[in-house]
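Below is one structure, written out as structure tokens; the observations come after it.
Reminder, nothing fancy here: chain letters follow the sequence lines and each chain counts from 1.
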Amino acid sequence: MSKFEALTGNAAVSNAMRQINPDVVAAYPITPQTDTVQTFSEFVADGLVDTEFVTVESEHSAMSACVGASAAGARVMTATSANGLALMWEIIYIAASNRCPIVMSLVNRALSAPINIHCDHSDVMGMRDSGWIILMSENGQEAYDNIIQAIRIGEHPDVLLPVAVCQDGFITSHSLERVELFEDGEVQDFVGTHEPQWPLLDVEDPKTYGPLDFYDYYYEHKRQQVEAMEKAHGVIREVTQEFNDRFGREYGLFEAYRMDDAEVAVIAANSTAGTAKTAVDNLRDQGLKAGLLKLRVFRPFPGQELAEALRGVSAVAVMDRAISFGSMDNAGPLFSEVVSALTLNDVHVPIADYVYGLGGRDIRPGEIENVYQEAFQMAENGKVERRVRYLGVRE
Amino acid sequence: MTEMKGWKEIPIGGMILDAGNSEAYNTGDWRAFRPVPGEAECTNCMLCWLNCPDSSILVDAENEEMTGFDLKHCKGCGICAAVCPVNAGVIRRAEGEVEKDDPRLCIRMVEEGKFQEVGNE
Amino acid sequence: MVTKLTPKELAKKEERLAPGHRLCAGCGAAIVVRQMLAAIDEPVVLANATGCLEVATTIYPYSSWRVPWIHNAFENAASTMSGVEAAYRSMVRQGKLEEKDVKFIAYGGDGGTYDIGIQALSGAVERGHQFLYVCYDNGAYMNTGIQRSSATPFGAHTTTSPAGKVIPGKQQFRKDLTKVMAAHDIPYVAQAAPSKWRDLMQKTRKAVNCGGPAFMNVLASCNRGWRHETDETIEVTQLAVDSCFWPLYEVENGEWSLTYKPRKKVPVKKWLERQGRFSHLFRDENRHMIDEMQEEVDRRWEKLLERCGEG
Ligand SMILES: Cc1ncc(C[n+]2csc(CCOP(=O)(O)OP(=O)(O)O)c2C)c(N)n1
Ligand code: SF4
Ligand code: SF4
Ligand code: SF4
Ligand SMILES: [Mg+2]
């Protein structure tokens with residue numbers, strides 16, 4: 001029997017980690033992720049897990065130790081935020097390239113400078129080309145559910161890629177919500193045991209990890225990573241389906257909220273999707289056909305599925321919690337992805353980007369309702385007034 | 001491993017599963033000087049083996065004998081000759097300068113060109 | 001049965017570093033690795049920082065390592081190894097892996113150790129991982145073309161401390177990393193050189209059996225960077241030892257002891273004059289630097305003697 005507990009998003013993740021019982025965790029404190037590893041170290045101290053907790057001296061070393069442990073043959077987890085992720089950068093790429101199925105809880109926080117501890121998505125957006133699978137979570141429950149699935153996805157023999165599971169710093173990481181925790185045994189059963197195919201620790205069969213790879217083979221190794229990402233697409237569906245069946249959930253690559261007859265759609269990720277649902281409900285009460293696409297899988301990007309889900313709407317608004325400085329119109333990174341997905345799949349519809357919530361700036365349902373109102377206008381006029389808006393910034 | 005393999009044919013992640021396979025790679029052609037056994041009798045002290053950077057001193061483990069040089073890999077650095085105690089003895093006893101390719105030595109370093117000339121490689 | 005530390009016995013063992021690697025002819029790093037690995041009878045798992053040793057031994061699709069080996073990046077051999085070792089401990093404790101008395105060793109060059117990797121190293125030994133970190137010190141960033149590191153000797157010409165008209169080579173004395181590591185109060189710290197192979201091998205054995213983190217700083221000549229003939233590697237290395245530029249000592253559970261004392265201390269000049277990287281110091285206007293270096297070497301040597309109770 002599962003049980004419900006009042007937990008913060010971080011505590012929900014710590015509990016998932018406890019139930020997964022990874023062989024090695026290497027992590028370093030940083031707000032707003034810190035109490036994930038704090039809570040987890042209590043589990044270690046109390047003997048509730050078998051994990052070796054490597055209390056590294058930096059995030060660079062955290063990811064380095066994760067790569068070492070994963071290559072060794074261990075099931076490995078970590079957690080970080082913003083500057084911590086940035087310090088890991090070099091090894092983020094190496095983890096993916098060395099095909100280490102590390103699972104990371106990434107509690108999204110704005111990157112410096114100026115230094116800020118609150119939520120935006122500038123941290124995760126920077127790792128979008130690194131070769132990691134990236135899952136987004138609206139709340140603590142989803143973070144918990146995603147972490148459990150991430151183990152299976154990353155370790156799948158057709159994939160073998162690291163997975164980052166995101167949730168919004170403070171907004172969900174620190175707010176108490178009612179979280180359903182499955183039985184330890186059920187989680188263990190779902191994640192199964194890790195069966196490394198090429199463990200470095202097999203001293204009878206020595207292997208070389210991380211050689212110097214020139215122009216004659218480097219490219220082939222990159223091509224393999226493409227294949228893994230492509231396979232991940234199917235594996236995510238499979239694992240998600242199994243998870244849904246077992247635990248009574250309805251996850252997909254994204255969630256289509258009241259999209260069936262929607263005239264306009266907003267696309268959002270993480271906690272803002274929750275706020276947007278309130279906005280959708282309000283608008284629906286007024287008889288307006290508003291819908292929401294909540295992104296769950298950001299990498300591999302489900303472009304085609306997303307385009308299909310949007311085929312038929314008359315306008316799209318993308319909500320971006322980050323700016324891709326210097327990109328066309330200085331839009332957010334999600335916008336470019338969605339625009340490409342629509343264009344390449346022949347869905348031609350007015351689309352605008354709404355950058356919001358940087359450095360933890362609040363976003364209220366009213367503001368999102370305004371976004372919808374503008375979307376309805378775009379739908380009516382059949383054209384885009386202003387392609388990128390920065391919501392809530394003072395002029 | 002000379003043919004170029006496609007991405008489906010090689011292990012993922014840049015892993016090399018055939019550890020130690022550099023043995024198939026020829027570094028012997030880097031050599032400008034070749035170690036060659038000379039007249040002085042080898043004592044099989046194995047100091048040359050211990051100091052060769054290229055694992056290129058051949059050893060007969062059973063008979064505890066130094067049996068020669070792995071010319072496929074030896075880069076001709078001359079360290080074996082430099083550390084050979086028998087060489088040191090020859091040099092100490094000799095009157096005047098002893099060239100590195102002096103036939104009286106235990107390990108001589110002979111210019112590689114001399115072998116190529118007679119097609120000896 | 002432990003193999004006796006005689007070249008004859010050791011030569012019977014299986015070679016752990018295969019030939020066909022692409023280190024330069026006469027490279028000291030290869031000698032250091034071969035001697036050390038020959039000294040260990042137990043299974044080993046290696047990590048290697050980016051640098052000459054790593055690059056030249058694993059040019060895809062070739063690898064010279066007949067033992068498990070991992071390269072991650074330049075500055076993180078220690079943290080990578082801490083992950084490997086943690087994985088081992090965890091999995092053995094859980095019964096997922098058979099215990100085999102595996103020896104974990106991380107190799108890094110002086111750049112990867114004294115400079116960019118010092119934080120990861122300090123952290124890993126403080127955490128008490130059971131591994132040996134070996135710095136093969138060739139006194140510069142050789143792999144990228146001989147740039148200065150904090151291990152580069154005073155006065156040396158490197159490509160970023162060139163012997164110019166106004167500034168004659170490196171202006172700083174080298175960092176004494178061995179002492180920095182001794183200050184971590186870990187079970188075993190040693191300084192060694194392949195010209196004293198038995199000493200190097202004994203230290204290696206002590207290090208991997210000390211029951212905790214160990215650090216060894218091993219001088220590894222680079223004939224390209226130091227500019228000497230390829231066959232002079234061992235001789236030039238021994239001059240560094242005999243001049244007391246590179247004293248051989250160990251710190252075992254806090255006890256300092258000299259493991260080799262030159263019968264007659266050789267003037268540093270004798271070591272310098274054998275290497276092209278110091279040739280500019282022999283010009284009249286720069287000779288004072290040789291004296292300065294001698295003074296500094298003497299000062300450090302005297303201090304060391306004191307610490308080792310030989311004062
Ligand atoms: C983060 C990072 N910075 C710089 C480099 C470039 N780099 C590679 S090896 C190297 C120098 C290595 O020097 P050292 O550690 O002394 O080893 P050596 O090559 O001398 O054996 C440098 C600067 C790198 N690979 N990674
Ligand atoms: S010349 Fe150098 S590489 Fe060749 S056998 Fe002698 S020591 Fe080894
Ligand atoms: S060093 Fe000289 S004497 Fe000793 S084994 Fe080698 S060749 Fe023979
Ligand atoms: S450059 Fe120096 S350290 Fe690098 S392989 Fe050559 S001799 Fe060895
Ligand atoms: Mg160096």
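B:Met46 has its side chain out of reach of C:Thr6: every pair of non-hydrogen atoms, C-beta onward, lies at least 4.5 Å apart. With contacts defined as side-chain heavy-atom distances shorter than 4.5 Å, the pair B:Ile79/C:Ile234 qualifies. Taking the side chain as every heavy atom from C-beta outward, B:Glu23 and C:Ser64 never approach each other to under 4.5 Å. In this structure, the side chains of B:Pro53 and C:Leu23 stay at 4.5 Å or more apart for every pair of heavy atoms.
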Q: Apply side chain to side chain contact (heavy atoms under 4.5 Å, CB included) to the pair B:Asp54 and C:His21, showing each step before the final yes or no.
A: CA-CA 7 Å; B:Asp54 286 281; C:His21 61 69; 3.0 Å; yes

(Q) Checking C:Tyr60 against B:Met15 for the side chain to side chain contact (heavy atoms under 4.5 Å, CB included) test, could you report, in this order, the C-alpha distance in whole Å, the side-chain angles of both residues, the deciding distance, and whether it holds? (A) CA-CA 9 Å; C:Tyr60 196 87; B:Met15 251 177 288; over 6 Å; no

(Q) side chain to side chain contact (heavy atoms under 4.5 Å, CB included), that's the test. Do C:Trp69 and B:Ile16 meet it? Break it down for me. (A) CA-CA 10 Å; C:Trp69 181 96; B:Ile16 300 172; over 6 Å; no

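Put simply, of B:Gly20, B:Pro11, B:Ala82, the one with the most heavy-atom pairs under 4.5 Å next to chain C is B:Gly20. Note on B:Cys80, B:Gly76, B:Gly78, B:Ala81: by heavy-atom pairs under 4.5 Å with chain C, the leading option is B:Gly78. With chain B as partner, the option from C:Ala30, C:Pro68, C:Cys24, C:Gly26 having the largest number of non-hydrogen pairs under 4.5 angstrom is C:Gly26. For chain B, the option among C:Gly20, C:Ala38, C:Ser195, C:Pro19 with the highest count of heavy-atom pairs below 4.5 Å is C:Pro19. Of the listed residues C:Ala25, C:Pro7, C:Ser63, C:Ala18, the one with more heavy-atom pairs under 4.5 angstrom with chain B than any other is C:Ser63.
For the residue pair B:Ser55 / C:Arg34, a side-chain donor-acceptor distance below 3.5 Å is found, with atom types taken as modelled.
Separating the CH2 atom in B:Trp30 from the CZ atom in C:Arg22 is a distance of 7.0 Å, to the nearest 0.5 Å. To the nearest 0.5 Å, atom OG of residue B:Ser22 and atom CZ of residue C:Arg66 are 7.5 Å apart. With rounding to the nearest 0.5 Å, the separation of CD1 in C:Ile31 from CG in B:Asn51 is 5.5 Å. Between the CZ atom in B:Phe33 and the CG atom in C:Asp231 there is a gap of 9.0 Å [rounded to 0.5 Å]. For the atom pair NZ of C:Lys8 and OG1 of B:Thr43, the computed distance is 6.5 Å after rounding to the nearest 0.5 Å. Annotation: the span from B:Cys77 atom SG to C:Glu229 atom CD amounts to 11.5 Å, rounded to 0.5 Å.
Within 6.0 Å of the NZ atom in C:Lys270, the count of heavy atoms belonging to other residues, nucleotides or ligands does not exceed 12. When the shell of 6.0 Å around CD of B:Glu41 is examined, it contains 12 or fewer heavy atoms from other residues, nucleotides or ligands. Within 6.0 Å of NZ on C:Lys269 lie no more than 12 heavy atoms contributed by other residues, nucleotides or ligands.
Looking at B:Cys52, the atoms closer than 4.5 Å to chain C (heavy atoms on both sides) sit in the backbone and in the side chain alike. Residue C:Trp197 touches chain B through its side chain alone, counting heavy-atom pairs closer than 4.5 Å. Contact of B:Lys100 with chain C is made through the side chain alone, with heavy-atom distances under 4.5 Å. Heavy atoms closer than 4.5 Å to chain C are found in the side chain of B:Asp70, but not in its backbone.
Looking at B:Glu64 and C:Lys12, a side-chain N of the basic residue comes within less than 4.0 Å of a carboxylate O on the acidic one, giving a salt bridge.
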